[in-house]
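Working notes, beginning with the structure itself.
Computed from a prediction, not measured in an experiment: that's the story for all the values here.
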Amino acid sequence: MRAILAVMAFSLSSCAGFLDEEMESQYDMKDFYKDTEEMESGLLGVYSQAKKLYQGNSLPITILGTDELYATNTTGNFGIADLYLYPASNPSTTNWYQSHYQVIQSANIVIEVAPGVPGITPEDRDRIVAEARVIRAWCYFRLVQTFGRVPLMLTQTQSNFNSRIRRHPIAEVYQAVIDDLKFACADGVLTEDINLGHINHWVAKGMLAKVYLTLGTSMTRRPQPIDEYRELPFDSEVLFKDCRDLCDEVIASGKYTLAKNYSDNFTIGQKNGSESMWELQYSSSPKMGAAWSKNFGVSQMGYPNAYTQNCLVGNGYFSPLPSFYRVFKLGDTRRTWSIADYRVQFDAVTQKPVSLSYISAEKISTGEFCDLDTDDPDLLERTLVSTPAKRIRVSKYRWGLGGDPSVYWQESLSFESGNAPNNVVVLRYADVLLMRIEADMLMNRGVAGTESLDIMNDQLLARARGWNGSTGAYTTEAEMLGSVLATYAADVAAAQELYDADPSNPTLAENLRVAREKYETRKGRCLVNYTSQTLTYEELLKQRACELCFEFHRWFDLSRTGTLHTAVAQRKVYDVPAVEFSYPTNYLLPIPTYELDLAGDKTLFYQNPGY
């Protein structure tokens, strides 16, 4: 514990350009760690620091400002970040920047000090250093995507930085990230076994695959919003191949499998499951949880403080766009788990939950029912911008401990709402599978090979359709179609019977045509298996959105593929302002004013264009 507190205290004093006090800068950590056990504790301090990236003002950066989520409060810090209205002095972007460097400083301490710890074995030394280097690489990977050029600090800061701080070229930052991850990926450095809460060999390879994919797609995106990417000294084709190879190694290891149910990845009682690769660990012990997940959650009716007590109701500060609801195909259980098209009704007197109130029973301004699943394009357009549609919420993160999540709306919290034990899933196996498919397609002019199609259809889509308890297997495509299309099939059969009895009747012929057309339209929206022709790159990115929704991935995916500006331009929500996205400026965040003011040489440390 002494070592954890030391790393945290030193790194917390080291934001805003790392150090502002000469006295603190001379604090020497090499004499603090007396043995391997204390060094292990110091490493845990780095993991603990990493959790701060998902707290406070940092939280809205990259989770908002996409076609996935919007901020329900449009005037606060969350709304400013969501609408791209932040000045360089905005606390969210400042906290995002500084928090990452606090984690980097913590990692640098461990990386630099570990080799000199008395009695440490080469194996323990390399393992501890490798875990810290992966965390450092992860932080720089996030920083280079959000700010572009950033200061590259690979040793713990020993003195005031102001006179020499500079922003390093994007290529140098990426090379440092790759070097860190390659060190960790070397055989024998990290364990290949699963070590709860820790980074292992396969996590390092999965993270390196993500870096290769991100770098390659960022270089080849068109239009190119950041000119520097045009000249980077990397070969995108090699990057895509290396990404696919790394993903194949993770798959071949057999260490991970998709969870039986999609929901298993997000229930408190099943954290760190078979699909989990790296999760930041939280618990409901005092001060060991966090409030990040409660920014999601279902809306309430009749009890404003329900989010502090209920296992399904949250603040709802982050809400899914109604149009994102439609990204999911019919028959996809990921939507029914992740997006709530209902509210929890409470008794105003007893403050107890009494029922679920579905928005489909509410009417829009035209008097029509709110039908987000309609096949009528005109009705859909009216519905997407209606008041009832605005009430959908994220139900992916829940807070019950019972075995049946469908009744969590009836349950009360067993912990403080600000100390929730939901882990942050940094990397899971489904992401590796999707990266493998994407890299394969990018290597083959947008066409998925047989192995990639099998992964998509037999694993990801099979799980997405849900488990069929009566058959003891995943719901098949035929079973799903039979369920989703039952009413439409019955309408076709009825129309066919009438037509067969009087085939010369033009009205009956037209009714049959309409019934068949409605059936085919509905079927076209169902979650059916892909072929090499139907699995386009756009469809793949939609599958990433459905699988990884609300897990802090969407902004990065839109940015690296050059579709961020077009995606946010299409957002429409009732009574929410349009996004003020400036292309290409908003592909990068502003360098915080506080950091600029501290820099001694403004030619080396400068603001991003457009801010």
Side-chain angles (χ1 to χ4, degrees), residues 66-74 82 296-304 306-307 310 312-346 348 353-396 398 406 408-409 483-488 491 514 517-519 521-527 542 545-546 549-550 567 570-579:
T66 71
D67 59 353
E68 176 185 76
L69 288 168
Y70 72 96
T72 54
N73 181 349
T74 61
D82 181 44
F296 301 96
V298 179
S299 292
Q300 55 75 35
M301 299 171 63
Y303 184 29
Y307 74 94
N310 188 266
L312 191 59
V313 176
N315 286 322
Y317 292 155
F318 303 157
S319 179
L321 287 143
S323 55
F324 187 69
Y325 182 96
R326 293 282 296 203
V327 173
F328 292 84
K329 295 180 181 293
L330 298 170
D332 193 337
T333 64
R334 296 172 300 188
R335 185 181 79 178
T336 54
W337 173 263
S338 301
I339 300 180
D341 55 356
Y342 51 82
R343 294 183 286 173
V344 180
Q345 175 73 58
F346 286 80
V354 293
S355 64
L356 296 179
S357 177
Y358 285 83
I359 66 167
S360 58
E362 301 181 36
K363 292 185 177 181
I364 64 177
S365 60
T366 59
E368 301 160 294
F369 284 105
C370 180
D371 186 1
L372 284 171
D373 272 329
T374 181
D375 294 322
D376 181 340
D378 295 328
L379 175 57
L380 177 62
E381 184 69 20
R382 294 189 292 273
T383 300
L384 290 177
V385 294
S386 69
T387 299
K390 188 180 177 181
R391 294 179 180 135
I392 63 172
R393 290 292 184 268
V394 174
S395 54
K396 189 167 198 171
R398 309 184 187 193
S406 67
Y408 281 174
W409 66 274
S483 175
V484 173
L485 300 175
T487 300
Y488 294 81
D491 289 345
V514 170
E517 184 178 89
K518 288 182 177 180
Y519 177 91
T521 298
R522 198 70 169 179
K523 183 179 179 181
R525 291 181 52 215
C526 289
L527 190 65
K542 287 182 180 179
C546 294
C549 63
F550 319 134
Q570 298 171 17
R571 290 184 13 169
K572 293 180 181 179
V573 185
Y574 174 75
D575 203 29
V576 173
V579 173

Any Y519 side-chain heavy atom under 4.5 Å of D491 side chain: no

Nearest non-hydrogen partners of S395 and W337, listed with the distance: OG-O, 2.7 Å

Over 12 foreign heavy atoms within 6.0 Å of OH, Y317: no

For D375, salt bridge (charged side-chain N to carboxylate O under 4.0 Å, His left out) partners two or more places apart: R522, R525

Pair R391-S299, side-chain donor/acceptor within less than 3.5 Å: no

T72 side chain to G316 backbone, donor-acceptor under 3.5 Å: yes

Aromatic ring pairing F296/F318, orientation class (parallel under 30°, perpendicular over 60°, tilted between): perpendicular

Y574 atom OH, neighbour heavy-atom count above 12 within 6.0 Å: no

Proximity of F369 and Y358 rings by center, below 6.0 Å: no

Separation between CG of L380 and CZ of R326, rounded to the nearest 0.5 Å: 4.5 Å

Pairwise side-chain contact, W409 with V298, heavy-atom cut-off 4.5 Å (strictly under): no

Contact check, side chains of C549 and K396, non-hydrogen atoms, under 4.5 Å: yes

Closest non-hydrogen atom pair, A71 against D82: N-OD2, 3.2 Å

Contact check, side chains of N310 and Q300, non-hydrogen atoms, under 4.5 Å: no

Student check: side-chain heavy atoms of F324 and I339 closer than 4.5 Å: yes

Test item: D371 and D376 side chains (from C-beta on) under 4.5 Å apart, heavy atoms: no

Minimum side-chain heavy-atom gap F550-P320 below 4.5 Å: yes

Short side-chain to backbone donor-acceptor contact, R571 and A578, under 3.5 Å: no

Contact check, side chains of L321 and V573, non-hydrogen atoms, under 4.5 Å: yes

Expected output: side-chain S319 to main-chain I392 donor-acceptor under 3.5 Å: yes

Given R335, R334, K329, the one that forms salt bridge (Lys or Arg N to Asp or Glu O under 4.0 Å) with D332: R334

T383 (side chain) donor-acceptor with C370 (main chain) under 3.5 angstrom: no

Where T366 and R382 come nearest, the two heavy atoms and their spacing: CG2-CD, 3.8 Å

